[in-house]
Each structure stands twice: as C-alpha cells, then as structure tokens.
Amino acid sequence: MHLLAGVGPARGKQLQRLGLNFARDILFFFPRDYQDMSVLQSIDTLQDNQPASICGTVEEIDLRNTGVGRTMLGVLIRQETHYLRALWFNQPYMRDKFTIGGRVMLSGTPKAKGPRWEMTHPRVEMLSAGDEPPSGKILPIYALTEGISQGLMRRIVAGTVAVYLECLEEVFPEEFLEQHQLLGIHETLDHIHRPVERAQLERAQHRLIYQELLVMQLALAQRRAHHRHASRAPRLEATAKIDARIKRLFPFQLTPGQLAAIDDIRADLVRKYPMNRLLQGDVGSGKTVVAEYAMLLAVAHGKQATIMAPTEVLARQHVHTLRNNLQESRVRIGLLTGSLKPAERRTTLAAIASGELDLVVGTHAVLQESVEFKDLGLVVIDEQHKFGVKQRMALRQAGPQPHYLVMTATPIPRTVTMSLYGDLDVSTLHETPPGRQNVHTYLSDESQRDKWWDFFRKKLLEGRQGYVITPLVDDSSTLELTSVTEAFEHLANGRLEAFRLDLVHGRQSPEEKDAAMDAFRTGETQVLVATSVVEVGVDVPNATLMTIENGERFGLAQLHQLRGRISRGVHPGYLCVFAEPGSDDSQQRLDAFCHTTDGFELAELDFQMRGPGDLFGAQQHGLPPLRIADLNRDAEVLTRARTDALDLIERDPELAAPAYRRLQRMVRVRYGEALDLGDVG
Ligand code: ADP
Ligand code: MG
C-alpha cells in the first residue's frame, strides 16, 4: 500500500479497514453510487420530481426536535434570487457539514412546495472557496471509513488508476471482447472511477456485470462437465416392457408435460453418469407421478430409490400414494422420519442396509444423515427450493453415485434457475392435469365475513371440504398454538358448529398430525383448521374451500402454495383471504395474488418485490454472492452469459487454450471451493 503516492502507514491502516490492501483492491473498489453533475441547473429551471443538481450558498441552518428522538434539519440554499430548502430527517449530524455562507452542491429530486423548492435527503458536495462546481461531471461515491473523506478517497483512487491501471491484465482474449462488444478492462475501470458521461459508464458497468455472470456460468458449466466425467452411475434403461408396466400402475393418463419429463429422465438414466435434473412445475401440476416413475424404474433394475420430503405430513402422504398405486406389486416401501421409535428406527435402518426395502420415503433431515443403503440408484428431493448446490453435494458418496431428481416447492424465477440451479438440467411441467378448475380468489375485510361463511357452509353441505388457515404468529410455537386453537374453538362453537372440524399444527405429535390428515383425506373431517403445515404438497382433491386469516402475514410463495391445496379436484376452488394490509408491500403482494393464479408469474413478481437477496439468496445455496450483477435487473445479461459459457465449455471444457488461461484462473479462484472444482483445469 505504501507504494501509493500520498499513502503512508497510517493511511494504509485506514484503507485496510475497507479491505483495501493492494493497488489491485483499489482498482476494483467500485463506487457504491454516483453523483451526476452532468445536469447542473439553476433553481429557476427546476421541474417538479425531476432529479437535478444545483449549486448555491448556505443561507440558514435550522435544526429542530420534532418528537422523541426525531429531528428535522433544514438548510436554506440561495442561488442569486432563488431559494431551495434541503431537508434531512433524523440525521442531526448533517448539521455540522454546513456553515453559513459556505458553497455547496446538492443532487436530488426537487419538489415544489408552494413558491419554494424542497429536496429531501439530497446528496451534498461541499465546495471550497475558489472551487468551480464540477459541472458536467459524474462523481463516484465510495464507501468510506473514519479518517478518509470522499474527496481524499477520490484522489487516492484516481492516483491508483493513473499509476497501476496499465499493469492490470485483461482476462478476455481480444477477439472475445470484439465479438461480444465488450470494453477492455483498462477502459472499463477508467470509466468506472472517472466517468465522463452516462453512456460510457453504463458500458463499463455492463462489461463488469457480464464478466461476473460469465464466470459464474463457466463455473457451473464446468461443474456439470466435471461431474459427468468423474462419477459413475448405474444405467437404468426403461425398456418398452418396463415402461408399460410402470405406466399401467397410474390411475390416470399422463399429461403431455409429464410424458415429456419422463422422456427426459429416461434419456438421463441410460447414461453412464448420474442424472442431475430439476423438475419444476406449478403447484398441482403432478410432479409426484414423474418421480414415482423414476423410482420404479430404479426398482425394476434391482436398485433402491428414496424420496425426501420437507415435512413428516408430506412424507406420510407419499407413502400413502405409493402404497395405493403399488398394491398389486411386490415393491417394498419403508418410512424413515424423525418420529420413529428407536427400535423401529433400528429395524428400518437395517432393512435399508440389507436391501429388504426398495423404496424409502423420509424427511430431508433424516435422510441427510448417513443412512446406509445397500444399493441406492435414485434420490428424489421433493418440494425443496432451498436445496442448493452445496446441500446436493453433501449427499454424494464414494463409489457409484445415485441419480438425482430435485423437485421444487414453488415455481422459480427464470434467472434463479439459471444460476442457483445452473448445474442442473431442467424439465418443466407447464400445464396442470386436465379438468383442473381455477380457484376463485377474494380479498376481503371484516364487512364481508358473514357472507363468506354463509357461502362456505353452503359448499360444505354440497359435500365439499375446506381449510381454515391461521398464520404462524412468530417463531414462538406457543403463539402459533393459541391462534390456531382459538380459531378452531371459535368456529367449532360458532359459525361451523354443525360440521365436523379438526385441527393440525406444528405442536402435535406426528401420530396426531397423521390421524388428523387421514380423517380429512377420507372425508370424516369436513373442515381442517391449520397453520401453514398444510402449505406444502398436501393433496386432498375434495377440499375446495379455504379461508386464510391475517393474509398480510404470508409471503407470496406461501399464499400460492396454500391456494394450491384447493385446486386439485374436479370442483372449482374458493379462497377468501382476510387481511389488513398494513403496508404498500403487503397490499401489492395481495393484489398480485388475487390477480393471477400462474405460479411462474407470481414467482417473478415476488422476486422483483423482494429482491434476489432474500428467499433465493445465493449464500444459503453455497455460492459466493454476486458483487455487481443483480439477478433481477440483469436477467438479459445472464441469459447471454449462460449461452456463451455453455458454448465455451462445450468447445474447451477445461478452458485450456492459452488465451483463456486467465479466465480459467478467475473461475477457479471465485468458485473452485464452492463448487468443488478442485481438479478441473
Ligand atoms: P405437485 O406437482 O404439486 O406435487 P401432485 O403430484 O401432488 O402435484 O399432483 C396433484 C394431483 O394431481 C394429485 O391428486 C395427483 O393424483 C393428480 N394428478 C397428477 N397427474 C395427473 C394426471 N395426469 N391426470 C389426472 N390427475 C393427475
Ligand atoms: Mg408435490
């Protein structure tokens, strides 16, 4: 660091606090924002709500308390005979930045307040006496640390760029840059730190975004290629005879989508390397049958297969479906969940190890522990969207590998499929089985409650069944219990007095839950009062009614899952969400939910509203976070990067060509550990 002009040991320490140890770090220390001075205006030409920068003299400073712990700072700026008031709420420390008579420059969004202009929380640049306003410029704004001002940071970065930029090596070969119309790295970083105009800055940003996404896609493509070379899996051919024998077991005609997914899987399973496939489809699109087909194919070859469900309720439901479909066959099915008694567990584990069991249904938690199979041919991971690259890797073992089929709980935004699941092949079920009815969705307030329950009762009398869903109040299961039992008692002694009610919640023992689900499935219970434990995968086609209480407390994906519970049969579904949206966010969410029943559309909306950092956060999937790219904003660049990466890896799987040596090194440095690319390249 001391190699930099003007940076002594003390300053070096300060820079280290920002993670800046070498000149290189500074070159890649991207501004967190820019202050656009290219539109410096005079106050009398401002327009309401149009972002602008102005320059003027501080005329008045007024800091006042507006309540407990609340302040408002008003700074009056004069420019000849025109005035603008800048406002800061609850940032009293801003006061010290200003002195009366000082010259400042402000950027923000002006609002006309009567004859005067106001800007709330504008960006400020102090100008010293002789300073010309840096008009026409776009100023970078860096993250700072104590002792380093914005001006100093700009000088340090600019100095580093001037001296060291030339030493930086380009990772892309010349013709690659040309072919993809990318700026070279020197120009890129120069524009990033010293932009002269917007268009230039955007081209520079594009190059960096593209590079980051391409490196990720190269890593994923290499992982896939690597996996194919390194692992062996049993070849499981679906001969015409086996195929017919399996399909005969299903009580319905498969949809074209299901058949296509099965064909994808058949093609995967005759290869020598493990299948790694993601099966996505909206709620109720019939993913289970596809999984069942794959499992039975494994069993037909004398292998074991396992399906992992996220909840015990769902695991038991799978056992139930499988046993129903397999009544006539000799396939032996076992259940392995956390609630087995120690003796049962021992027996089951022994039966798995000896090969006595062909199909093992379990919960994720249990099956991730080292359960020993005699000869595992296929693993199905059901209803899981948090099952990222890392977790999938944890399941791998020595020797021949099983094939993998991952099924998602919710439709996944396209960009997420391309990134977090980028090492998987994808099959998508676009349509639902024929005869499926839409769900009528209503958003209601208290005034319509009586009407809704009249309707609910009428439908129950017609023979339908229904759910009443209460939210998990918070993480405390005691409160969950209160809200669900209260709702239950309230209804059982009131509006639904004449009907057979039961309740399911997270605090019950698995046996209790199971009994409640069974009674509901057989129709013995007419109404099930529940928390979101019924959210995932529960399948009772005669249930077509649902009331959701406190709808504002549910996420969009969760609401969609819940609605999926009542679109499973031949009768139309009716859902009423009672909600008191407290914020714009929850209003927007609920509106979107009522507007469409298309899960993929909702997934995209949810993603846009919540941002990529949230539900699909890269970290929890074991991938390093993106630093510049944003999966939401940069979907198009991602698509291009993916195509380009697949293309490159197809031609040169290890990126061994000398021209790509640096790019390959970058891939390994960034993703080598996360994706276990150790012996690649
Ligand atoms: P999900 O994709 O949400 O897991 P499921 O596999 O649970 O959906 O299927 C939903 C319902 O649709 C089940 O009741 C299942 O029996 C039924 N189903 C699946 N495929 C078909 C089909 N091809 N024709 C008719 N019903 C089907
Ligand atoms: Mg399912």
Side-chain angles (χ1 to χ4, degrees), residues 246-263 265 277-296 306-327 361-364 380-387 405-412 426-439 464-465 467 517 520-523 532-544 546 557-573 597-600 602-603:
I246 298 177
K247 284 181 182 155
R248 216 177 305 129
L249 293 169
F250 303 138
F252 37 65
Q253 287 262 299
L254 299 180
T255 63
Q258 286 168 330
L259 288 170
I262 285 175
D263 282 345
I265 291 170
R277 185 165 290 278
L278 171 71
L279 175 61
Q280 59 168 345
D282 208 343
V283 197
S285 58
K287 296 183 285 287
T288 317
V289 182
V290 177
E292 202 176 330
Y293 182 99
M295 292 194 289
L296 292 175
T306 181
I307 179 164
M308 302 164 49
T311 64
E312 185 131 1
V313 168
L314 202 55
R316 284 169 191 269
Q317 179 180 290
H318 280 319
V319 170
H320 184 87
T321 316
L322 287 168
R323 291 218 166 111
N324 259 351
N325 288 350
L326 296 174
Q327 270 164 11
V361 182
T363 45
H364 294 150
V380 180
I381 300 159
D382 188 22
E383 301 289 358
Q384 182 59 281
H385 55 217
K386 290 187 186 145
F387 216 76
L405 181 65
V406 181
M407 308 202 286
T408 57
T410 17
I412 310 171
V426 181
S427 301
T428 307
L429 300 181
H430 287 289
E431 76 278 79
T432 48
R436 213 42 85 64
Q437 301 282 335
N438 239 341
V439 177
R464 304 287 77 77
Q465 293 167 275
Y467 299 95
M517 288 313 302
F520 189 62
R521 204 173 283 124
T522 58
S532 44
V533 288
V534 299
E535 176 191 329
V536 166
V538 171
D539 183 33
V540 180
N542 189 46
T544 58
M546 182 175 281
Q558 210 179 11
L559 287 169
H560 184 64
Q561 275 292 328
L562 285 167
R563 178 162 58 190
R565 300 311 110 218
I566 55 166
S567 60
R568 316 219 126 213
V570 289
H571 299 284
T597 51
D598 181 329
F600 284 97
L602 286 172

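Side chains included, hydrogens not; waters and symmetry mates left out as well; all remaining heavy atoms used. Owing to the predicted nature of the structure, the values given are computational and were not obtained by experimental measurement. Atoms within each ligand, like the ligands themselves, are counted from 1 in listed order.
Look at Gly281 and you'll find every heavy atom at least 4.0 Å from all atoms of ligand 1.
Using a 4.5 Å heavy-atom threshold, the side chains of His320 and Arg521 count as touching.
Scanning Ser567, Pro433, Gly286 for the heavy atom closest to atom 9 (O) of ligand 1 points to Gly286.
Scored by the side chain to side chain donor-acceptor pair (under 3.5 Å) test, Ser427 finds Asp264, Arg277 as partners (sequence neighbours excluded). Here Glu312 pairs with Arg316 under the salt bridge (Lys or Arg N to Asp or Glu O under 4.0 Å) rule; sequence neighbours left out.
At least one N/O-N/O distance between Gly284 and ligand 1 falls below 3.5 Å.
Environment of CD in Gln253: sparse, with no more than 12 heavy atoms of neighbouring residues, nucleotides or ligands closer than 6.0 Å.
Under 4.0 Å from ligand 1, the heavy atoms of Gln258 that appear belong solely to its side chain.
Of the possible donor and acceptor atoms, one in the side chain of Gln465 sits under 3.5 Å from a partner among the backbone N and O of Phe520.
Of the N and O atoms on the side chains of His430 and Asp282, not one donor lies less than 3.5 Å from an acceptor on the other residue.
For ligand 1 and Thr288, the ligand atoms under 4.0 Å from any heavy atom of the residue are 4 (O), 5 (P), 6 (O), 7 (O). Residue contact check: Thr255 has heavy atoms under 4.0 Å from atoms 23 (N) of ligand 1. Every atom of ligand 1 with a heavy atom of Gln253 under 4.0 Å away is listed here by number and element: 22 (C), 23 (N), 24 (N).
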